[in-house]
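See below for the structure under consideration.
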Amino acid sequence: VYFLYVLYILFTYYIKNRLFLVEYISILKKGIYMPYLEEVFNYLNRTSPAQTEFYQAAEEVLYSLQPLLDKYPKYRKHKIIERIVEPERQIMFRVNWLDDNGEIQVNKGFRIEFNSALGPYKGGLRFHPSVNAGVIKFLGFEQIFKNALTGLQIGGGKGGSDFDPKGKSDNEIMRFCQAFMSELFRHIGANTDVPAGDIGVGAREIGYMFGMYKKLANKYEGVLTGKSLKWGGSLVRTEATGYGCVYFAKNMLAARGETLEGKRCVVSGSGNVAIYTIEKLYHMGALPITCSDSKGMILDEEGIDLLLLKDLKENQRARLSEYIKYRPKAQYTPIEKYPEGRNAVWSVPCYAAFPSATQNELNLEDAKALLANGCKCVSEGANMPSTAKAVDLFVETKIAYGPGKAANAGGVATSQLEMAQNASMLSWTFEEVDAKLEQIMKNIFQSASSTAAEFGQPTNLVLGANIAGFRKVADAMIEQGLV
């Protein structure tokens, strides 16, 4: 009996330690066991509390860097991680403006100039009630690596305000934009920081801000991108993010011997990104069948009526519920009838999905539904639209998954092309800019794909994009010294 008891103790000890070892090895393989990075995240939690979106973006990038950090200790020696998570400059300011009733309104303004190792800060301005320091910080952090992937000389930044343009008159929007620029103009310039549009900031808002900048700075320069074609804008800029997202999907699928032609595609959102994703999908011979806004979604089995969608959103500024008045065979699902805790767009059977609305719009259950319904490709038009667990599932199942920092880089790439045209006082044709955009997206895919293969995970474009973008910025920071 004693002998059997000793055997039992030894066997139990062996099993426990074996299980621990297996779990430990598994953790190492997943890149989670990194005391060095844990120290960085503890520091961020202490110094930047309650910025959950920023933590999510930082974790997604930094944990995937383990293979690079293991192979090249110079990045730790030069404290690149600690330096790259801290913006070079954070600007927060009050914006006072008068509404149409003569009442004073007060909003917060932000501009985070995150990293200028590769060029002047570049990133959009977002006007939306959800904007806060954490959201702008997450967007700016993502922008660093997205901009690096383009291969163009632009750094990373982001800005905006909690101002909501919806329901405001043109005069109210003009007064707000002028008040916003009356502070922002001190911090930007054609070779310093070049903002662009984002959610809530289109051609109208860019125009009002540019006019105020010109008056205050007494300079006519390419300080904003997304401008009107009449005064320095670039063709294709409006279409660029959506077009680029589809070009990226095209390259992912081509590498697998597949195409988008004849395939059912689902798209979320109904802003610029979604509209021009739909347009380019039609160019590719695909069939986009959904779009959505903050109140609900449209499913049109015959294909989204692009002209109608443009009219509703760009001219009438109407809700998507109006779509079915013109297309009675289409189905409108209000957000109240979405599956609990989910987005109904991702329940529609499809070959490819294009999340083009906002951050964290596609969660783990949505991802499971997409895969169960035969989805083979996800290309992100929005910034961080998939939750961390959804991303993990896409990577694990090895579908063609294009993370936002790679797939939606077409917008900022074309902004830089606008800067180049402004600097040379020239305007390029639509075909010239579109050809440059398509080549840039191909280059981004090849960079992410080859880097993923270099580190032994050829289908993992999250890893590939993060390492490729980080390495370029980090090497530039080392070469430029401790500044």
Side-chain angles (χ1 to χ4, degrees), residues 29-31 56-69 71 141-151 241-260 265 273 277 351-356 359 362 364 367 370-371 375-413 437-473:
K29 284 181 178 177
K30 290 180 180 177
Q56 181 184 343
E59 287 177 6
E60 187 267 316
V61 172
L62 299 183
Y63 278 136
S64 67
L65 298 177
Q66 182 179 4
L68 181 72
L69 299 176
K71 190 173 181 179
F141 187 72
E142 288 272 295
Q143 201 77 46
I144 301 170
F145 309 106
K146 181 191 302 184
N147 293 1
L149 284 169
T150 67
T241 306
Y243 277 23
C245 187
V246 179
Y247 286 143
F248 195 86
K250 173 189 172 184
N251 281 284
M252 288 195 294
L253 293 172
R256 297 167 180 242
E258 302 175 38
T259 72
L260 285 164
C265 300
V273 179
T277 294
Y351 176 82
F354 295 84
S356 307
Q359 67 263 20
L362 195 163
L364 178 60
L370 277 172
L371 296 174
C375 183
K376 303 296 182 186
C377 171
V378 176
S379 190
E380 296 183 338
N383 292 304
M384 205 171 71
S386 303
T387 64
K389 289 182 178 179
V391 172
D392 289 343
L393 182 61
F394 292 146
V395 171
E396 180 186 332
T397 54
K398 298 184 178 181
I399 66 165
Y401 170 63
K405 68 173 59 64
N408 73 23
V412 73
L437 169 62
E438 185 168 9
Q439 185 61 49
I440 288 169
M441 298 312 296
K442 183 177 182 179
N443 293 344
I444 292 172
F445 168 74
Q446 290 176 340
S447 175
S449 181
S450 62
T451 304
E454 176 189 345
F455 288 92
Q457 299 186 46
T459 62
N460 188 348
L461 296 184
V462 176
L463 177 104
N466 286 341
I467 290 181
F470 173 86
R471 183 158 53 182
K472 186 170 184 181
V473 176

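Both backbone and side-chain heavy atoms feed into the values below; hydrogens, waters and symmetry mates do not.
- Closest of all the heavy-atom pairs between A448 and A465 is CB-N, 3.8 Å.
- Ring-plane geometry between F445 and F248 is classed as perpendicular, the angle between the planes exceeding 60 degrees on a 0 to 90 degree scale with a lower cut at 30.
- Side-chain contact check for N466 and E60: at least one donor-acceptor pair (N or O, by modelled atom type) lies under 3.5 Å.
- Around NZ of K472, the count of heavy atoms belonging to other residues, nucleotides or ligands within 6.0 Å exceeds 12.
- Looking at every heavy atom in both residues, N460 comes nearest to A452 through O-CB, 3.3 Å.
- Atom CE of residue M384 and atom CD of residue Q56 lie 3.5 Å apart, to the nearest 0.5 angstrom.
- The minimum heavy-atom distance between L393 and A367, with the atom names listed, is CD2-CB, 3.9 Å.
- Note that NZ of K405 and CD1 of I444 are 12.0 Å apart. Values are rounded to the nearest 0.5 Å.
- Side-chain atoms of S386 never come within 3.5 Å of backbone atoms of V391 as a donor-acceptor pair (strictly under, hydrogens ignored).
- Taking CG from L68 and CG from L62, the interatomic distance works out to 11.5 Å, rounded to the nearest 0.5 Å.
- N408 contributes no side-chain N or O that, together with a main-chain N or O of T241, makes up a donor-acceptor pair within less than 3.5 Å.
- Expressed to the nearest 0.5 Å, how far CG of N383 lies from CD of Q359 amounts to 8.0 Å.
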Between Q457 and V462, is a side chain to side chain contact (heavy atoms under 4.5 Å, CB included) present by the stated rule, with each step listed? CA-CA 10 Å; Q457 299 186 46; V462 176; over 6 Å; no
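- For Y247, the ring-ring contact (aromatic ring centres under 6.0 Å, His included) test picks out no residue, with sequence neighbours left out.
- The heavy-atom pair separating A57 from E142 by the smallest distance is CB-OE2, 4.0 Å.
- Distance alone, capped at 3.5 Å, is enough to place a donor-acceptor pair between the T150 side chain and the N147 backbone.
- Rounded to the nearest 0.5 angstrom, Y243 OH and E438 CD are separated by 11.5 Å.
- A donor-acceptor contact shorter than 3.5 Å is absent between the side chain of S447 and the backbone of N443.
- For K389, there are no salt bridge (Lys or Arg N to Asp or Glu O under 4.0 Å) partners at least two apart in sequence or on another chain.
- Interatomic distance, L149 CG to I440 CD1, rounded to the nearest 0.5 Å: 12.0 Å.
- The minimum heavy-atom distance between C245 and F354, with the atom names listed, is SG-CD2, 3.8 Å.
- The two residues L371 and I399 have their closest heavy-atom pair at CD2-CG2, 3.7 Å.
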